[in-house]
S.K.: 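I have a structure here, written as structure tokens, and I will follow up with some questions on it.
Residue indices begin at 1 and follow the sequence shown. Every number for a ligand or one of its atoms is a count from 1 in the order of the listing.
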Amino acid sequence: MILIASDHAAFDLKQHLVAFLKEMHHEVGDLGVDQIESVDYPDFAHRLAEGVQRGDGVQGILICGTGLGMSMAANRHAGIRAALCHDAYTAAMARKHNDANVLCLGARVLGVGVAEQVVRVFLSTPFEGGRHQRRVDKIET
Ligand code: RB5
């Protein structure tokens with residue numbers, strides 16, 4: 001299950017990625033926003049983070065204008081490792097080394113093609129474990 005949410009700045013990209021994920025046969029939970037009126041990104045980040053915390057193996061995608069506010073808010077939740085990724089390399093490393101469970105994207109930063117590539121890489125790259133597991137365990141305070 002992939003949970004996805006955005007604010008108004010990223011509504012169009014979120015709608016696009018919902019369809020893209022469904023084309024890839026993922027089960028998608030769309031947590032909003034459902035329109036382009038201005039909203040507050042932390043409301044959506046917290047909603048999605050709580051869904052990822054509750055679910056077993058659930059991953060999340062959060063999108064705002066830059067991805068910055070979403071990542072800051074999501075990372076306040078225990079067990080959430082939200083990674084702001086701008087390209088295939090950061091998406092791959094966020095999974096391989098950081099075991100990120102939430103991908104954050106900036107709709108005003110990325111083109112649609114790059115955003116699709118980042119999502120595809122993030123969802124298909126496994127965590128490497130080993131020494132990285134020890135480091136990930138040390139993230140929680
Ligand atoms: C909204 O204008 C913008 O601040 C928001 O989408 C996001 O970029 C915040 O980090």
S.K.: Tabulation required: pairs of a nitrogen or oxygen in ligand 1 and a protein nitrogen or oxygen under 3.5 Å; columns are atom names and distance to 0.1 Å; otherwise 'none'.
M.R.:
| residue | atom | partner | partner atom | Å |
| --- | --- | --- | --- | --- |
| ligand 1 | 2 (O) | R108 | NH1 | 3.4 |
| ligand 1 | 6 (O) | D7 | OD2 | 2.6 |
| ligand 1 | 6 (O) | G65 | N | 2.7 |
| ligand 1 | 8 (O) | G65 | N | 3.2 |
| ligand 1 | 8 (O) | T66 | N | 3.0 |
| ligand 1 | 8 (O) | T66 | OG1 | 3.2 |
| ligand 1 | 10 (O) | T66 | OG1 | 3.4 |
| ligand 1 | 10 (O) | G69 | N | 2.9 |

S.K.: Measuring from atom SG of C85 to atom CE of M93, what distance do you get when rounded to the nearest 0.5 angstrom?
M.R.: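 With rounding to 0.5 Å, SG (C85) is 11.0 Å from CE (M93).
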S.K.: Hey, what do you get for CG (L31) to NZ (K14), rounding to the nearest 0.5 Å?
M.R.: 8.5 Å
S.K.: In the hydrophobic clustering (ILVMFWY, side-chain contacts below 4.5 Å, transitive), which residues join L13, or is it alone?
M.R.: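 Via sub-4.5 Å side-chain contacts, L13 links to I2, I4, L17, V18, F20, L21, M24, V28, I61, I63, L103, L105, V109, L110, V112, V114, V118, V119, F122, L123.
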S.K.: Return the CD to NE2 distance between Q59 and H26, rounded to the nearest 0.5 Å.
M.R.: 8.5 Å
S.K.: Measure the acute angle between the ring planes of H46 and H77, then classify it against the limits of 30° and 60° as parallel, tilted or perpendicular.
M.R.: tilted
S.K.: My understanding is that only one of V102, L3, L48 makes a side chain to side chain contact (heavy atoms under 4.5 Å, CB included) with V58; could you say which?
M.R.: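 Output: one option passes, namely L3.
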